[in-house]
Amino acid sequence: MAKNNVLQTFKTEISKIASLDDLLLLETKYFGRNGVLNAQLKNMKDLNAEKRKALGKEMNQLKYKILESISKKRQEIVSFGQKNTIDVTLPGKKYASGSLHLVTYAIEEISNIFEKIGFIRMSYPEIEWEWFSFEALNMPKDHPARDDFETFYIQSPTNQKYGKMILTPHTSSGQPREMMRLGKPPIRMINIAKTYRPNWDASHVPMFHQFEGLCIDKRINITHLKGTIDFFAKEYFGQDRATRLRPFHFQFTEPSFEVDITCDICAGTGKVADGTKCRLCKQGWLELGGTGMVHPTVMKAGGLDPNEFTGWAFGFGVERVMMMKPGVGLNNMRALYDGDIRVLEQF
Ligand code: DAH
């Protein structure tokens, strides 16, 4: 082969090579004992000193060019391989995955439980008129909950009928709103929403969530209320839990109760294994929230005839029930809203 052609041919050949094995074969083809380059030197001994020197120099340059492009090709093949092969023996890369907030999970779970027994999920304004939160719920002007220590007031003009604007302090305002929305029973509402009160300690935060159940129809009575609350408690906390209604007072229900659930530590006995008092509940029961039969005045405010319909309502705190769930192990409500990633990523 003429010397000029050696480089040309080599360039064409190497351009077609894609594997290290083929590259090695090509290298041997050029540099092996009987290779292309040695063949070029075969007649060297017949040349005079000057020509020999010139040929030697030329061959060295050729060798250098070929070696250089072989090593460049080798690097290309290796780095292409690194980019395009999967080494199944390497430990996998773990991507950080986000998750929903603990309270969002609790809201989903609560909605699903009530959906199973035909309750419709609703949410009503977070900025609400006093009337829906208080008057319509039979809470007179001088009721302590209306104090500005208990409720956030918005600087707004006062409406003649509806009063001032407030940040809704409880989901009970959803009761008259739902009665008005539907116009007539049957009503089975579960209103889950943000609620606001100016408190800040281990079991209170100024923005929290409540879920409000409302059931109104002809001949609805306390047994339906007890059955529904029991169903919720067993679904959410576990089939071994029981509930009780304890007489209490609320303006918007008559009769009114607080709902208690058996403590999961002492199983409702108030005593732990060694016979001592349960430190969590002291007497076997934990408080869930408030409930009762809808007051006739509230029915009327919602546009319904209390002689024709009866109903019940309850209001529980989402954060509260979630923190009472066995295994959650959270004893400070503020930790939910501090936004500390070390807390949130545990759930
Ligand atoms: N709204 C009450 C609160 O925030 C809870 C409540 C009590 C709701 C009794 C009700 C009820 O529907 O019947 O403390």
Side-chain angles (χ1 to χ4, degrees), residues 1-112 115 207 319 322-323 325-347:
M1 206 190 304
K3 281 189 291 297
N4 288 344
N5 288 347
V6 173
L7 193 59
Q8 262 329 102
T9 318
F10 170 79
K11 280 185 176 163
T12 321
E13 287 178 333
I14 199 165
S15 71
K16 294 180 190 146
I17 283 191
S19 75
L20 289 178
D21 286 349
D22 289 346
L23 189 64
L24 189 65
L25 287 177
L26 186 73
E27 196 175 356
T28 318
K29 177 173 171 186
Y30 280 80
F31 291 97
R33 197 140 54 94
N34 300 317
V36 176
L37 293 182
N38 275 346
Q40 298 290 320
L41 301 172
K42 228 174 17 205
N43 306 324
M44 213 168 177
K45 60 182 184 326
D46 304 331
L47 300 174
N48 65 28
E50 202 180 324
K51 280 195 173 159
R52 222 170 28 217
K53 203 172 159 195
L55 179 66
K57 193 174 170 194
E58 205 182 332
M59 287 306 293
N60 272 342
Q61 281 169 352
L62 184 63
K63 240 166 135 175
Y64 179 74
K65 280 184 187 157
I66 291 179
L67 272 176
E68 195 183 41
S69 72
I70 286 179
S71 107
K72 219 169 112 192
K73 187 76 175 184
R74 183 172 291 117
Q75 270 171 18
E76 272 171 30
I77 295 174
V78 168
S79 70
F80 180 83
Q82 279 167 349
K83 265 187 252 145
N84 290 279
T85 54
I86 297 170
D87 183 346
V88 292
T89 64
L90 283 174
K93 269 192 202 150
K94 217 172 170 192
Y95 290 97
S97 62
S99 67
L100 297 178
H101 193 274
L102 207 50
V103 170
T104 311
Y105 284 126
I107 290 174
E108 268 181 23
E109 197 180 346
I110 293 164
S111 312
N112 291 341
E115 196 181 281
M207 186 281 297
E319 288 83 352
M322 191 265 291
M323 284 168 66
K325 200 173 170 116
V328 172
L330 200 65
N331 58 13
N332 183 351
M333 200 181 281
R334 289 172 295 197
L336 286 170
Y337 297 111
D338 281 346
D340 188 330
I341 198 81
R342 291 168 303 176
V343 173
L344 298 177
E345 70 188 359
Q346 293 175 46
F347 299 101

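Here the closest heavy-atom approach between residue A335 and residue L330 is recorded as CB-CD1, 4.4 Å.
Rounding to the nearest 0.5 Å gives a distance of 7.0 Å between CD1 of I77 and CD1 of I17. Rounding to the nearest 0.5 Å places NZ of K73 at 13.5 Å from CD of E27. Residue L37 holds its CG atom at 11.5 Å from NZ of K29, rounded to the nearest 0.5 Å. Note: K51 NZ to M44 CE = 13.0 Å, rounded to the nearest 0.5 Å. How far NZ of K325 is from CG of L102: 10.0 Å, rounded to the nearest 0.5 Å. To the nearest 0.5 Å, the span separating NZ on K16 from CD1 on I14 amounts to 12.5 Å.
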Verdict with supporting geometry, L62 and Y30, side-chain contact (heavy atoms from CB on, under 4.5 Å) = CA-CA 11 Å; L62 184 63; Y30 280 80; over 6 Å; no
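I107 is listed as a side-chain neighbour of V103, based on a closest heavy-atom distance under 4.5 Å.
Atom CG of N34 has 12 or fewer neighbouring heavy atoms from other residues, nucleotides or ligands inside a 6.0 Å radius.
Between the side chain of H101 and the backbone N or O of L336, at least one donor-acceptor pair lies under 3.5 Å. Put simply, the side chain of Q346 gets close to the backbone of R342: a donor and an acceptor are under 3.5 Å apart.
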